[in-house]
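Following: one structure in structure tokens, then a few remarks.
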Amino acid sequence: MDKDTFFDKVYEVVRQVPAGRVTSYGAIAEFLGMKGSARMVGYAMNVCRSASPPVPAHRVVNRNGLLSGKHHFPTPELMEQMLESEGVAVEEDQVVDFKKLFWHPAQELQV
DNA sequence: GCAATGACTGGAG
DNA sequence: CCTCCAGCCATTG
């Protein structure tokens with residue numbers, strides 16, 4: 001409780017990601033003012049299993065749009081399954097039109 | 001308190 | 001084009 005840690009901030013941002021959109025670790029890190037510490041974002045995702053409420057980590061991919069963390073899901077196929085279910089095409093463990101579906105935290109939250 | 005780790009990124013070779 | 005290296009910073013042991 002009172003987990004005002006960096007992780008909770010990451011969770012909030014990820015939860016703001018609308019379905020059908022994807023974002024990158026660096027984008028979140030940058031939004032939190034920690035550009036360069038994208039590793040922390042990924043690390044936070046690792047803890048997202050213990051986080052509440054659950055975080056749609058499947059909407060978070062690396063800067064290449066690659067489902068780098070799919071192996072960390074209950075099942076590796078679940079990640080792309082979720083993305084496709086939301087309208088995000090996934091091919092070769094990679095998000096199709098990633099840059100087109102890219103979601104900028106500050107950009108959307110600014111509205 | 002120190003050392004190791006990590007679902008990343010960007011630059012250099 | 002592909003691979004390797006170093007930086008980043010918070011969490012955990």
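Below, each value reflects all heavy atoms present in this structure, side chains not excepted, and no hydrogens, waters or symmetry copies. Just so we're on the same page: letters track the sequence lines, and every chain starts at 1.
- Boundaries of the chain A contact region on DNA chain C are C:dG7 to C:dT11, first to last in 5' to 3' order (nucleotide atom under 4.0 Å from a heavy atom).
- Using a 4.0 Å cutoff on non-hydrogen atoms, the parts of residues 56-73 of chain A near DNA chain B are A:Ala57, A:Asn62, A:Arg63, A:Ser68, A:Gly69, A:His72, A:Phe73, ordered by number.
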Please list every donor-acceptor pair under 3.5 Å in which a side-chain atom of residues 68-75 of chain A meets a protein atom from a residue at least two apart or in another chain.
| unit_1 | atom_1 | unit_2 | atom_2 | d |
| --- | --- | --- | --- | --- |
| A:Lys70 | NZ | A:Glu80 | OE2 | 3.4 |
| A:Lys70 | NZ | A:Asp93 | OD1 | 2.9 |
| A:Lys70 | NZ | A:Asp93 | OD2 | 3.3 |

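- Remark: A:Glu12 engages no residue in a salt bridge (Lys or Arg N to Asp or Glu O under 4.0 Å) (not counting sequence neighbours).
- For the pair A:Ser37 and A:Val47, nearest-nucleotide mapping onto DNA chain C gives the more 5' position to A:Ser37.
- The CG-P distance, from A:Asn46 to B:dA4, rounds to 20 Å in whole Å.
- Scanning for side-chain contact (heavy atoms from CB on, under 4.5 Å) contacts around A:Ser24 gives A:Ala27, A:Phe98, A:Phe102, with sequence neighbours left out.
- The side-chain hydrogen bond (donor to acceptor under 3.5 Å, both in side chains) search around A:Gln81 returns none, not counting sequence neighbours.
- A donor-acceptor pair under 3.5 Å is formed between the side chain of A:Tyr11 and the backbone N or O of A:Ala44.
- When the ring-ring contact (aromatic ring centres under 6.0 Å, His included) test is applied to A:Phe7, no partner is found at least two apart in sequence or on another chain.
- Under the side chain to side chain contact (heavy atoms under 4.5 Å, CB included) rule, A:Val55 has a single partner from A:Val60, A:Val10, A:Val14, which is A:Val14.
- For B:dA7, its base sits under 3.5 Å from the side chain of A:Tyr25 at one donor and acceptor pair at least.
- As rounded to whole Å, 6 Å separates atom C1' of B:dT5 from atom OH of A:Tyr43.
- Here side-chain hydrogen bond (donor to acceptor under 3.5 Å, both in side chains) pairs that include residues 54-64 of chain A, with residues two or more places apart or in two chains, are A:His58-A:Glu86, A:Arg59-A:Glu86.
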